[in-house]
Every structure is written in structure tokens, then in C-alpha cells.
**Student:** 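After the C-alpha cells below, expect a handful of questions from me.
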Amino acid sequence: MNTRVLDELSEPEVRRYLEFLLWHYRVVDAFWFLQVTEAFDQVTAERLNEEVWERAGRLGAKAILERFGLRTGGLRGLVEAQRLYPWAVLIGYQFEEQEDQVLLSVPSCPVQEARLRRGLGEYACREMHCREFTAFALEVDPRLRVECLFAPPEPRREGLFCQWRFTLEEGTREGS
């Protein structure tokens, strides 16, 4: 990777470039999904998306832990790592940390909102995110468990597109 161009940019320009990269990341993902849907079908696109995002979650967590030197496990470690995950920034994940669980809520989903604006309808992303979040969480701490409270294709709740619960494996405690 050649990042020398970043050395020539001011701090505000680097921030704008980072915002561009995140936007572009989302655009590539969206067009990839749409093209697979067009070339094959929605079911195939969703199945492939599940496989891709399971890997992306695992690799993303691993890279974040290494690059940022994160060593905390458990629920606290999950939130630390997730806050640095590109999709958490892009989508605006909200985290509610409690003693025995973390709730990850998505009040606004630009991906689903764009599909709705274009008359495409929501796509079934529950299994994709379940695999992505599980792979991510297990890299942070093998004791972490993920539960989907609701996500498309299920009806959403007022003000939220989806919501996820992270807990530690039964019989374990934070910090042990």
C-alpha cells in the first residue's frame, strides 16, 4: 500500500479523504450486491453476502485488534473494537453498555433506506449480520455470544432498523 499521498494532505484533507473512503466502501458493497442480484438472483446475492461479511467481520476485528493494540476482551473489548469498525462509523451504530450485555442498535440504515427510496424493498440482512457480528465478536473474545433481537426480513421497531444483543457465554463474567 502506498500512502505517501496522505503525507501531502492537511489534517482536514485527510479527514475528508477518510470520509470519501468510507463512502466509497459502501458504494462498492452496494453495487456488488446489486450486480450479483442482477446476474443471478436475490437469494444468491444474499447467500454470497453472508459468506463475504462473515470473513469481513473476522478479518476486520483481527486487523483492528492488531493495528490499534486492543487487548481488552469481553463486552468492553467488543465495544472498543466495534467503534473502530468501518460499518459502525458508516451506519452510526449505537451501543448501550450494561453490566451483562451490550445492545447494538441501528436507528438509520443507509443501505436499506437507499433500497426503499429506489423501490427495491428491504433485503434480508439478518443472517449476513449474524454471521458478521459473530465472527467479529469471536475474534475479540471466544466467550462472546450474539443474538439478533430483530432485523430484516422481520418487521422493524419504531425508530430502529435492527438490534443485536451481545453477551458473555453462560457461566463467565466480564474480566475473567
Side-chain angles (χ1 to χ4, degrees), residues 18-19 21-23 25-30 32-33 46-116 121-176:
L18 178 60
E19 290 169 355
L21 287 177
L22 290 169
W23 169 82
Y25 181 53
R26 191 175 82 206
V27 167
V28 169
D29 176 63
W32 176 89
F33 187 87
E46 289 171 2
R47 184 179 52 77
L48 292 172
N49 221 27
E50 292 163 12
E51 293 174 24
V52 166
W53 284 102
E54 180 176 8
R55 270 196 184 169
R58 182 179 305 107
L59 293 173
K62 188 174 183 173
I64 287 167
L65 296 174
E66 289 173 5
R67 290 172 189 258
F68 295 94
L70 301 181
R71 304 277 181 259
T72 307
L75 297 169
R76 183 169 296 120
L78 173 75
V79 172
E80 280 181 22
Q82 264 291 333
R83 287 187 195 279
L84 294 169
Y85 193 51
W87 283 100
V89 176
L90 277 168
I91 304 299
Y93 294 165
Q94 293 181 350
F95 300 96
E96 182 183 331
E97 297 179 68
Q98 300 171 7
E99 185 177 325
D100 61 343
Q101 69 179 1
V102 168
L103 295 178
L104 184 159
S105 300
V106 179
S108 174
C109 181
V111 175
Q112 296 287 22
E113 290 166 349
R115 291 182 60 83
L116 292 170
E122 292 181 338
Y123 77 96
C125 62
R126 177 190 177 118
E127 184 61 26
M128 175 201 72
H129 285 304
C130 189
R131 290 174 65 171
E132 173 194 18
F133 289 150
T134 298
F136 189 102
L138 292 176
E139 279 297 319
V140 172
D141 188 326
R143 302 173 300 157
L144 288 165
R145 298 296 174 256
V146 179
E147 175 190 0
C148 178
L149 300 179
F150 62 94
E154 302 162 333
R156 55 185 139 102
R157 296 187 188 156
E158 183 70 31
L160 295 176
F161 274 83
C162 64
Q163 190 172 55
W164 303 82
R165 177 180 314 168
F166 295 84
T167 57
L168 284 175
E169 186 177 312
E170 196 70 32
T172 62
R173 291 180 307 144
E174 188 77 33
S176 62

**Student:** Please evaluate residues Glu154 and Arg126 with respect to the criterion salt bridge (Lys or Arg N to Asp or Glu O under 4.0 Å), reporting the C-alpha separation (whole Å), side-chain torsions for both, the decisive distance (0.1 Å), and the verdict.
**Tutor:** CA-CA 8 Å; Glu154 302 162 333; Arg126 177 190 177 118; 2.3 Å; yes

**Student:** Suppose we call two aromatic rings close when their centres sit under 6.0 Å apart. Are Phe33 and Tyr123 close by that rule?
**Tutor:** yes

**Student:** Sequence neighbours excluded, which residues qualify as side-chain hydrogen bond (donor to acceptor under 3.5 Å, both in side chains) partners of Glu139?
**Tutor:** none

**Student:** Tell me, do Trp32 and Val52 make a side-chain contact under 4.5 Å, heavy atoms counted?
**Tutor:** yes

**Student:** Quick one: does Arg156's side chain have a donor or acceptor within less than 3.5 Å of a partner on Pro153's backbone?
**Tutor:** no

**Student:** Listed by chain and number, what are the side-chain hydrogen bond (donor to acceptor under 3.5 Å, both in side chains) partners of Glu113, not counting sequence neighbours?
**Tutor:** Ser108

**Student:** Applying salt bridge (Lys or Arg N to Asp or Glu O under 4.0 Å), can you list everything that pairs with Glu54, at least two apart in sequence or on another chain?
**Tutor:** Arg58, Arg131

**Student:** With distance as the sole criterion, is a donor-acceptor pair present between the side chains of Asp29 and Trp53 under 3.5 Å?
**Tutor:** yes

**Student:** Side chains of residues 72-93: which donor-acceptor partners sit under 3.5 Å, not counting sequence neighbours?
**Tutor:**
unit_1 : atom_1 : unit_2 : atom_2 : d
Tyr85  : OH     : Glu132 : OE2    : 2.8
Trp87  : NE1    : Tyr25  : OH     : 3.4

**Student:** What pairs with Arg165 under salt bridge (Lys or Arg N to Asp or Glu O under 4.0 Å), at least two apart in sequence or on another chain?
**Tutor:** Glu147

**Student:** Walk me through whether Arg55 and Glu51 qualify under salt bridge (Lys or Arg N to Asp or Glu O under 4.0 Å).
**Tutor:** CA-CA 7 Å; Arg55 270 196 184 169; Glu51 293 174 24; over 6 Å; no

**Student:** Mind checking what makes side-chain hydrogen bond (donor to acceptor under 3.5 Å, both in side chains) contact with Arg157, not counting sequence neighbours?
**Tutor:** none

**Student:** Indicate whether any N or O donor in one side chain lies under 3.5 Å from an N or O acceptor in the other, for Ser105 and Gln163.
**Tutor:** yes

